[in-house]
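Model, not experiment: these values are computed from the prediction. Numbered from 1 within each chain, the chains take letters A, B, ... in sequence-line order.
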Protein chains: 2
Amino acid sequence: MGPSVKDVAALAQVSVGTVSNVLNRPEQVTPEKRKRVQAAIAQLGFVRNESARSLRSGSSRSLGMLVLDVRNPFFTDVALGAEDVAEEHKHSFILANSSEDARREQAYLDLFEEQRVQGILITPVGDVLQRLEAMQSRGIPSVLVDRLAGSENFCSVSVDDVAGGRAAIEHLIAGGAERPAFVGGPFTLQQVADRHAGALAAAAAAGVQLQVFETPNLKFERGRHVGDLIGDLRQSRRPDAVFAANDQLALGLLQSFTANGIRVPDDVALVGFDDIDFATQSSIPLSSIGQPRQLIGERAARLLFDEIENPHGHEHQQIVFTPELVVRESSRRPG
Amino acid sequence: MGPSVKDVAALAQVSVGTVSNVLNRPEQVTPEKRKRVQAAIAQLGFVRNESARSLRSGSSRSLGMLVLDVRNPFFTDVALGAEDVAEEHKHSFILANSSEDARREQAYLDLFEEQRVQGILITPVGDVLQRLEAMQSRGIPSVLVDRLAGSENFCSVSVDDVAGGRAAIEHLIAGGAERPAFVGGPFTLQQVADRHAGALAAAAAAGVQLQVFETPNLKFERGRHVGDLIGDLRQSRRPDAVFAANDQLALGLLQSFTANGIRVPDDVALVGFDDIDFATQSSIPLSSIGQPRQLIGERAARLLFDEIENPHGHEHQQIVFTPELVVRESSRRPG
DNA sequence: GTTCACTATTGAATCGATTCATACAAGGGA
DNA sequence: TCCCTTGTATGAATCGATTCAATAGTGAAC
C-alpha cells in the first residue's frame with residue numbers, strides 16, 4: 001500500500017536501519033543523513049505502520065479503559081484524567097463501554113488482549129477478577145477504578161463512600177435537621193450501601209433517627225417519585241432534610257418539591273452525591289458530595305504505568321480518596 | 001511471549017495453515033482436526049495477535065472516532081450509536097477526544113493513520129479537510145459528523161439547524177410571544193449562526209422584531225449572566241420569550257430567572273436546543289429542540305462502512321436530519 | 001485401471017519496522 | 001606506524017498470522 005521504510009531508505013540512499021534510527025533515535029544519526037531521511041519521509045508521505053512496530057516489539061503502545069457507562073459524566077471525567085496521562089506517556093487510549101453488560105465486558109477484554117494493550121483500567125461489571133489475574137500473569141496488568149480491590153493482586157483507586165455519607169448527614173444535622181432521611185438503592189450496590197452506612201452512623205452519633213426510602217435504582221424518575229411520596233406526608237412526619245445517594249435522584253426530588261410548593265432549603269434541605277456539573281446548574285443549586293473525578297483517572301493511570309514500566313519492583317496500592325462536601329443553596333440555612 | 005499459531009499447530013499436530021483456517025474459515029476444516037486445534041488453543045490459552053494479522057492484511061479491523069468534547073452528552077450519545085454499528089461489523093472502536101484543540105486533532109489523526117484504522121468519523125475542529133482528502137486517497141475514508149460537508153468528497157451527517165431555530169421561534173410566537181429574543185454565540189460557530197438565521201426568518205415571517213443577545217460561548221455561566229441582564233430590563237422592554245442556542249445557556253437563564261423571581265413560563269417562556277437529559281430534569285422542565293443523537297452516529301457509521309466495503313461503487317451522501325421540538329413546562333402556556 | 005474432479009492440508013513466502021552483530025571510518029595515544 | 005576507542009552505518013534475521021501454489025488423498029466415471 002503506502003510507502004514503507006524500504007522506500008524511504010531507497011529514496012534517501014541509506015539503509016533501512018538508518019531510517020529506523022531516524023525515527024527512534026535521531027540523535028545517533030549524522031545531521032546530514034537525518035535531513036535526507038526526513039526529506040524522503042515528507043516527500044513520500046510515509047506513515048509508520050504501528051502494527052509492524054508492535055508485532056516486533058511484542059506490545060502496542062496503548063492503554064485500554066473499560067467503563068460501566070460512557071453516558072455517565074462521572075466516567076467520562078475519569079477517562080479524561082486517564083487519557084491525559086496516557087498522552088504524557090505517548091500511549092494511545094482506547095475507551096470502551098461495557099454498558100453494565102458482562103458479555104460486552106468479556107468481548108472488550110478479548111479485544112484488548114488481541115490488541116496487546118499494555119495495560120487496562122477497568123470498572124468491573126461481572127466476575128472478571130480471575131480473568132484479570134490471568135491476563136496480569138501474561139503481562140497485561142490492570143487497575144480497578146471506582147472499586148476497592150478485594151484482592152491484594154491489583155491496584156485500585158476508589159472513594160470512601162462511608163465518609164461521604166457521614167459528611168452529608170453531619171452537615172444536615174449541623175444545619176438544624178431534626179428528621180433527616182436517606183434516599184437511594186438498591187443496597188446491593190456497594191456504593192449505595194456504603195453511603196447509607198455512613199449516613200446511619202452519623203445520625204446515630206447525633207442521637208437522631210434516620211428515615212430510609214429505598215429505591216430500585218438511582219435514576220431521576222425514582223427521585224421524583226420519592227419526592228411525591230414525601231410531599232404527601234403530614235408535615236409532622238415529613239423529613240426536614242434529605243440526603244440522596246446520587247445527584248440524579250436529588251434532582252428528581254428537587255423537581256418534585258418545586259412542583260409541590262415545598263421550599264428548598266427552607267422546608268426541606270437537600271444534599272446529593274457526585275457533584276455533577278448539573279448540580280451547580282439546577283434552578284436551586286444543589287449541595288453535593290464531590291469526588292475528584294479527573295484525579296481518580298489520573299492516579300489510576302499513573303499506577304498502571306508504574307506497573308507497566310517496572311513489573312517486578314511494583315507494589316500494589318489501594319488509593320482511597322475522601323470525597324468532599326460542596327455546600328450550595330439547597331442546604332444553606334440561616335441556623 | 002504468549003503462544004503463537006506455531007505452538008498451537010505443534011500441539012495439535014497440524015500445520016500452521018490449518019490453524020489459520022480454523023480461526024478464519026472453520027467450515028473448510030475436517031471436524032476432527034478442527035476439534036484438535038480448538039482444544040490446543042484452549043489448552044495453551046492462545047490469543048490471536050491482532051498486530052500480526054493487520055500487518056499481513058494491510059489494515060486493522062477498527063474505526064476511529066474523533067469528537068470535539070467527550071464531556072458533552074451530545075457526543076457520547078452519537079458515539080454510542082456509532083459504536084453499536086462498529087460492533088455489528090466486528091470492528092473495534094477507538095474513541096478519541098480533540099477537546100476542541102486543533103493540535104490534538106492532528107495528533108489523533110496521526111495516530112489513526114499509524115494504526116491503519118479502516119475509517120474515521122470526525123467532528124472537525126481545525127482546518128483538516130485537505131488532510132482528510134489525502135487520507136481518503138490513501139484508502140482511509142472519513143465521514144463528517146454534525147457538520148455538513150462543504151465539499152462533495154465526503155459523506156456527512158448533520159442536523160438542519162436553520163429549521164430548528166425556525167421551529168423554536170414559531171412555537172414561541174404561537175404561544176403568544178410578542179417580544180421574542182435569541183440568546184447565543186459566537187456567530188462564527190456555524191451551528192449558532194444557523195439557529196439564529198432560522199429564528200430571524202421565523203420572526204420576520206410573523207412580522208415580529210427579534211431581540212438578540214450575543215454571547216462569547218455557549219456555557220451555563222453566560223446564560224446566567226444574560227438572564228441577569230434581562231431581569232434588569234424594564235418590564236416593557238423585557239422579552240416575553242427566549243430561545244437559547246443550547247440547553248446549557250437555557251439552564252443558566254432559568255436559574256437566573258428563578259433567583260430573580262421571574263416566572264417561567266408565565267413571565268418569560270423558554271426554549272433550548274439539544275434536548276439533553278437534564279432538560280427534562282431541571283426544576284421546571286425545559287422545552288428544547290431535540291436531535292436524534294444515537295441515530296446520527298449510527299447513520300454516519302453505516303455510511304462509513306459502505307465506503308469501506310465498496311470504495312469504488314460508493315457515492316457520497318449528505319444526510320441532514322430535521323430536529324424536533326419537544327414542548328415541556330418552560331414554554332407551555334394557556335394560550 | 002486410468003483419468004478427472006474435488007476437497008483437505010501443507011509450508012514457504014509475505015507484510016513492515018526494529019534489532020543487533022558486524023563493518024567501517026576517523027581520530028588519539030603510544 | 002600500529003592499536004584502540006568512539007561514533008555511524010549496514011542489512012539479514014525477526015516478530016506472528018495469513019495466503020496461495022502445490023500436493024496428497026478420495027471417490028466417481030468410464
Side-chain angles (χ1 to χ4, degrees), chain A residues 1-38 40-41 44-62 90 110-111 113-118 138-139, chain B residues 1-38 40-41 44-62 90 110-111 113-118 138-139:
Chain A
M1 290 268 125
S4 74
V5 276
K6 262 189 202 167
D7 305 312
V8 174
L11 181 59
Q13 314 218 49
V14 298
S15 70
V16 290
T18 301
V19 176
S20 178
N21 283 334
V22 171
L23 292 169
N24 302 300
R25 299 170 217 73
E27 71 286 355
Q28 285 191 19
V29 179
T30 302
E32 192 233 325
K33 296 211 172 180
R34 198 190 311 155
K35 268 186 201 139
R36 277 205 335 249
V37 171
Q38 281 160 346
I41 287 178
L44 294 173
F46 166 82
V47 177
R48 191 211 248 95
N49 185 324
E50 173 65 22
S51 297
R53 184 232 280 263
S54 43
L55 171 58
R56 185 70 235 267
S57 69
S59 82
S60 66
R61 297 179 62 76
S62 63
K90 312 218 174 225
D110 286 347
L111 185 78
E113 275 203 277
E114 289 184 0
Q115 305 237 15
R116 300 293 193 272
V117 298
Q118 295 227 25
R138 267 180 260 138
Chain B
M1 288 268 130
S4 73
V5 275
K6 261 188 201 164
D7 305 312
V8 174
L11 181 58
Q13 312 217 50
V14 298
S15 72
V16 291
T18 301
V19 175
S20 178
N21 282 336
V22 171
L23 291 170
N24 302 301
R25 297 169 218 74
E27 72 286 354
Q28 286 193 16
V29 179
T30 303
E32 192 233 326
K33 295 210 172 178
R34 199 191 310 155
K35 268 186 200 139
R36 264 184 13 227
V37 170
Q38 281 160 346
I41 288 177
L44 294 172
F46 166 82
V47 177
R48 189 211 250 97
N49 185 326
E50 173 64 22
S51 297
R53 184 230 281 261
S54 41
L55 171 59
R56 186 69 235 269
S57 69
S59 83
S60 64
R61 298 180 60 75
S62 62
K90 311 220 174 223
D110 287 347
L111 185 78
E113 276 204 276
E114 290 183 1
Q115 304 237 15
R116 300 292 191 272
V117 297
Q118 295 226 27
R138 268 180 259 138

Item to check | Distance in angstrom units between B:Gln28 CD and C:dT10 P, rounded | outcome: 14 Å
Item to check | Length of the CG-C1' vector between A:Asn24 and C:dA17, whole Å | outcome: 8 Å
Next on the checklist: Minimum heavy-atom separation for A:Gln13 and A:Arg36, please, with both atom names.
Outcome noted: O-NH2, 3.3 Å
Next on the checklist: Ignoring hydrogens, what is the shortest heavy-atom contact between A:Phe46 and A:Leu23? Give both atom names and the distance.
Outcome noted: CE2-CD1, 4.0 Å
Next on the checklist: Taking side chain to side chain donor-acceptor pair (under 3.5 Å) as the criterion, tell me which of A:Ser59, A:Ser54, A:Ser62 meets it with A:Gln118.
Outcome noted: A:Ser59
Next on the checklist: Heavy atoms from C-beta onward define the side chain here; which of D:dA17, C:dC15, D:dA9 lies closest to that of A:Thr18?
Outcome noted: D:dA9
Next on the checklist: If you assign B:Lys33 and B:Arg116 each to the DNA chain C nucleotide with the nearest heavy atom, which residue ends up on the more 5' nucleotide?
Outcome noted: B:Lys33
Next on the checklist: For a 4.5 angstrom cut-off between non-hydrogen side-chain atoms, does A:Ser15 reach A:Thr18?
Outcome noted: yes
Checklist entry - C:dC15 phosphate, OP1 or OP2: any side-chain N/O from A:Asn49 under 4.0 angstrom? => result no
Checklist entry - Do B:Val37 and B:Val14 come close enough that some side-chain heavy atom pair is under 4.5 Å? => result yes
Checklist entry - Over how many whole Å does the gap from A:Leu23 atom CG to C:dG16 atom C1' extend? => result 12 Å
Item to check | Side-chain N or O of A:Lys6 closer than 4.0 Å to phosphate OP1/OP2 of C:dG16 | outcome: no
Next on the checklist: Quick check: any donor-acceptor pair below 3.5 Å linking the side-chain of A:Arg53 to the base of C:dT18?
Outcome noted: no
Next on the checklist: Using a heavy-atom cut-off of 4.0 Å across all strands, would you classify B:Thr30 as base, sugar-phosphate, or nothing?
Outcome noted: sugar-phosphate
Checklist outcome for this item: Considering only heavy side-chain atoms of B:Val5, the closest of D:dA17, C:dA17, D:dC15 is D:dA17
Checklist entry - Rounded to the nearest Å, what distance is computed from the CZ atom of residue B:Arg36 to the C1' atom of nucleotide C:dA8? => result 13 Å
Next on the checklist: Can you tell me which nucleotide in D:dA17, C:dT18, D:dA9 comes closest to the side chain of B:Arg56?
Outcome noted: D:dA17
Next on the checklist: Please compare B:Ser51 and B:Gly17 by the position of their nearest nucleotide in DNA chain D and report the one closer to 5'.
Outcome noted: B:Ser51
Checklist entry - Looking for any heavy atom pair under 4.0 Å, which part of the strands does B:Arg34 touch: base, sugar-phosphate only, or nothing? => result nothing
Checklist outcome for this item: Checking D:dT18, C:dT10, C:dG16 against the side chain of B:Leu55 (C-beta onward), the nearest is C:dG16
Checklist entry - Can you check whether A:Ser57 has a side-chain N or O nearer than 4.0 Å to OP1 or OP2 of C:dT18? => result no
Item to check | B:Leu111 and A:Glu50, any side-chain heavy atoms less than 4.5 Å apart | outcome: no
Checklist entry - Rounded to the nearest Å, what distance is computed from the CD atom of residue A:Gln115 to the P atom of nucleotide D:dG16? => result 17 Å
Item to check | Length of the CZ-C1' vector between B:Arg48 and D:dT19, whole Å | outcome: 14 Å
Checklist entry - Would you say B:Ser20 reaches D:dA17's phosphate, i.e. side-chain N/O to OP1/OP2 under 4.0 Å? => result no
Next on the checklist: Is A:Ser4 close enough to C:dG16 that one of its side-chain N or O atoms is under 4.0 Å from OP1 or OP2 there?
Outcome noted: no
Next on the checklist: Taking only side-chain N and O atoms of A:Asn21, does any of them lie within less than 4.0 angstrom of OP1 or OP2 on C:dT18?
Outcome noted: no
Next on the checklist: Without decimals, in angstroms, what is the distance between A:Glu27 CD and D:dT6 P?
Outcome noted: 18 Å
Checklist entry - Do the side-chain N or O atoms of B:Arg25 get closer than 4.0 angstrom to the phosphate oxygens (OP1, OP2) of D:dT19? => result yes
Next on the checklist: Considering every strand and a 4.0 Å limit on heavy-atom distances, what is the contact class for B:Val19: base, sugar-phosphate, or nothing?
Outcome noted: nothing
